[in-house]
Amino acid sequence: MFQRSSSGTNLADIGLSSVKRASVAGYNPNNTTSLKSFHTPGPSADNDRRSSVYRARPSAAAGPMGGQQSFFQQAPQVAGVPRDPRPLKDRSYQNRLGQELIEYLAKHNFEMEMNHKLSDNFTKSPTQKDFNYMFQWLYHRIDPSYRFQKNIDQEVPPLLKQLRYPYERSITKSQIAAVGGQNWSTFLGLLHWMMQLAQMLERYSLNQYDDACLEAGVDVAGDNIIFDFLTNAYQDWLNMDDEAGDEDVEKALAPHVQGMARAFERSNARYVQEMEMLEGEHARLLKEIEDLEKSTPDPAILDNHFKIMEEDKAKFEEYNTLAQQRSEKYEGRIQVLQEELDKLQGELKEAEDERRRLKDAVDDQGISMQDIDRMTAERERLQKSIESAELRLEDVKRKVAEREMEASQRLDELERMVDRYNTVAYQIGLIPATAVNAKGRDYELQVTVNEGPNFTSSQLQGSYGAGESDRLLADPVTGYQPAHVLNLDLRGQVKNSFLALRKEVSERRKAALDAMMEDHDLLDRAKEAIEDKRNEVEALEHRVRAAEEEYEKTKEVTTTQKLASDTQIEKMEKELAKMRAQLSESVQLMEQREMNTNIEYEQLTLRANALREELHTETMRMLNDVIKFKMHVQKSLEEYESFVADELEKELGSDEMKDDTQAMDM
């Protein structure tokens, strides 16, 4: 298997990882300065194996020494601290997560591998040691090559960034150092998320997602076969001797090629079977089509008949629609005429009945036609008098209603003003009588009128005398006097008391303004002192940024030099491979010039080894210089930061002593 470069390897291993094959001559297995492969061999493997062509990528979460490397890449961070939608504070949810975590740990022999026994109640109140062991064990399930070298509070944040944990920004180092108590629900959710990630990786390695890929229309069977072939063949190729020829390489890789061919045959057998079934179905359908074509009449004749029938159908539908519209129109007209006819017949019948009734009544009373005319004229005169009186009464009612509406509005406005007065009086301490500014007197204002229905509505309904319940009348015939509406004498005692209170408040306000001006002066002096300190801090920050820029420039120069050296080494390796290809093309020419070619090949190999060792040494020196410079800068920044903190504490302490002295003098 391809082994990943762990984030726990040292800086030299990462910086000097080569992408070239080891030399075939002049190679010393005991030479510790030779270039190391990205492939990490087992305990029994020696150093003269072929190096991997996979290049390690530096980790974004490397520590101050730059020595950590992981296969996870840095995820882009979102603005703000994301909120965890899981109900981690719920006890039942915590119990479920804890039970699943316990089952997973027990299933994979956590206590045996870590040589640590968890506490009995670790799901509710764990120890710091329990969390440390569980986190390390779960992370090793994800990245087996990682080595923990620092304290857990320094290791966890960069690892969570590499794992792209969505809520890592809500976890602080102080919380990691004390995971128990109220913070345990957050870390329980973290451990459960890591367990799910490890389970997903295990299922992926076991090809349990192939069915889902097939449902999505992606066939990964061929990719898995090729990956298995490359994995096994690459491992055997790395284990071969560097002096092995192309024939030996082909002989070693032949079983893997044959196995890949057999795997493809097994994978393609299913598709072949499906293709045979589809071909049989295709032949059956072709035969059915042929039979149907033979038993079916000429399509041209059928199409002609079909077009004629479609035209007839369209014409019939149009005629049917038109006839239906006419029928509905005539039915509606008949119904309206029938209703009018019934109505006229009823009115005619009623008129005939009235005429007969009146004629019988007049005949029974013995009244002549002159008497009837006189009574009719008198009735018309009285009707006109009644209508005139009703018009005058309506006019009087309207005027009374307007006056009463105006009085009601004035009363409502008075009540609103009284409510506002009481609110303001309560705010300034005049209400109730026990308030600060009341001095034992009751200043609460009340409207003393009757509570009852609206007088205007009673007038409009014809009940002019509303009685004692009307709000605008003190009794059925008398209204309120202005002095009886309110319970206090506003122009007399209340006004004098308010003037005295206004004078007292003015004096207190003047004293408060004087005290506030003194406080503002003191605040201005404090702001000036803080601004001076802020300017000093900005100057120190500018110096820190300058140092960081210098470090970045040095780092870029070092990286450029390293890339140049890697390019030169790769160029020489390509030239060496080209020479091998030329030697294999012509055997006779190779036999004639064997001695000269061997001598020249050995010289080139020696030169390549010497150049490789020189580049290795130079790169080691540059990396050590960069590390020392970075440590020096970091140490200087920490000393400078402590110096600034001490100076600030001294300045703040002196300012506080001055303020205390000024306060005592005042």
Side-chain angles (χ1 to χ4, degrees), residues 11 58-68 74 77-81 128 149-161 168-183 186 514-559 622-666:
L11 183 64
S59 173
M65 296 297 292
Q68 293 187 346
Q74 182 69 23
Q77 296 182 356
V78 297
V81 179
Q128 185 67 33
Q149 299 176 349
K150 302 178 182 179
N151 294 332
I152 193 68
D153 56 344
Q154 298 180 1
E155 292 273 8
V156 170
L159 293 180
L160 293 182
K161 289 183 180 179
E168 56 88 13
R169 300 184 65 182
S170 62
I171 300 176
T172 61
K173 291 185 177 180
S174 59
Q175 293 177 348
I176 298 172
V179 298
Q182 298 179 353
N183 299 326
T186 302
D514 295 338
M516 186 178 67
M517 293 299 295
E518 294 178 357
D519 294 338
H520 275 295
D521 294 338
L522 181 60
L523 180 61
D524 293 337
R525 292 193 296 271
K527 286 183 178 179
E528 292 176 358
I530 292 173
E531 188 65 26
D532 295 337
K533 298 300 179 182
R534 185 180 290 109
N535 293 332
E536 294 178 1
V537 172
E538 290 179 355
L540 295 175
E541 290 178 351
H542 179 71
R543 296 178 62 185
V544 169
R545 287 194 296 270
E548 290 179 351
E549 292 177 357
E550 185 67 23
Y551 164 72
E552 292 294 335
K553 292 179 180 178
T554 306
K555 183 178 179 182
E556 291 178 358
V557 172
T558 305
T559 305
M622 289 190 293
L623 289 175
N624 290 330
D625 292 342
V626 171
I627 293 169
K628 291 179 182 179
F629 179 74
K630 182 178 180 181
M631 294 299 295
H632 176 69
V633 171
Q634 184 176 359
K635 184 178 179 182
S636 300
L637 291 176
E638 292 176 354
E639 293 176 357
Y640 207 87
E641 184 178 1
S642 61
F643 171 73
V644 170
D646 295 336
E647 290 296 323
L648 287 174
E649 291 179 357
K650 290 180 182 179
E651 292 295 331
L652 293 175
S654 61
D655 292 339
E656 291 176 358
M657 293 178 62
K658 290 180 181 179
D659 295 338
D660 295 337
T661 304
Q662 293 177 0
M664 293 176 63
D665 294 339
M666 292 175 63

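Note that this is a predicted model, so its numbers are computed, not measured.
When Arg169, Glu168, Lys173 are each tested for a side-chain contact (heavy atoms from CB on, under 4.5 Å) with Pro157, only one passes: Lys173.
Remark: Lys533 engages Glu651 in a side-chain hydrogen bond (donor to acceptor under 3.5 Å, both in side chains) (not counting sequence neighbours). With sequence neighbours excluded, the residues that form a side chain to side chain contact (heavy atoms under 4.5 Å, CB included) with Thr172 are Ser174, Gln175.
Within a 6.0 Å radius of CZ in Phe643, no more than 12 heavy atoms belonging to other residues, nucleotides or ligands are found. With a 6.0 Å radius and a threshold of 12 heavy atoms from other residues, nucleotides or ligands, Met516 has its CE atom above the threshold. Atom CD of Gln128 has more than 12 neighbouring heavy atoms from other residues, nucleotides or ligands inside a 6.0 Å radius.
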Requested in this report: Begin from the C-alpha positions of Glu531 and Arg534 and carry the test salt bridge (charged side-chain N to carboxylate O under 4.0 Å, His left out) through to its verdict.
Outcome: CA-CA 5 Å; Glu531 188 65 26; Arg534 185 180 290 109; 2.8 Å; yes

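Here the CD atom belonging to Glu647 is positioned 9.5 Å from the OH atom belonging to Tyr640, to the nearest 0.5 angstrom. Atom CG of residue Asn535 and atom CG of residue Leu540 lie 11.0 Å apart, to the nearest 0.5 angstrom. Between Asn624 atom CG and Met622 atom CE the span is 10.5 Å, to the nearest 0.5 Å. In this structure, Gln634 CD and Phe629 CZ are separated by 12.5 Å, a value rounded to the nearest 0.5 Å. Taking NZ of Lys527 as the start and NE2 of His520 as the end, the distance is 8.5 Å to the nearest 0.5 Å. Note: Ile176 CD1 to Glu155 CD = 10.5 Å, rounded to the nearest 0.5 Å.
Using a 4.5 Å cut-off on side-chain heavy atoms (C-beta onward), Ile171 and Leu160 make contact.
A salt bridge (Lys or Arg N to Asp or Glu O under 4.0 Å) check over residues 537-552, counting only residues at least two apart or in different chains, returns nothing.
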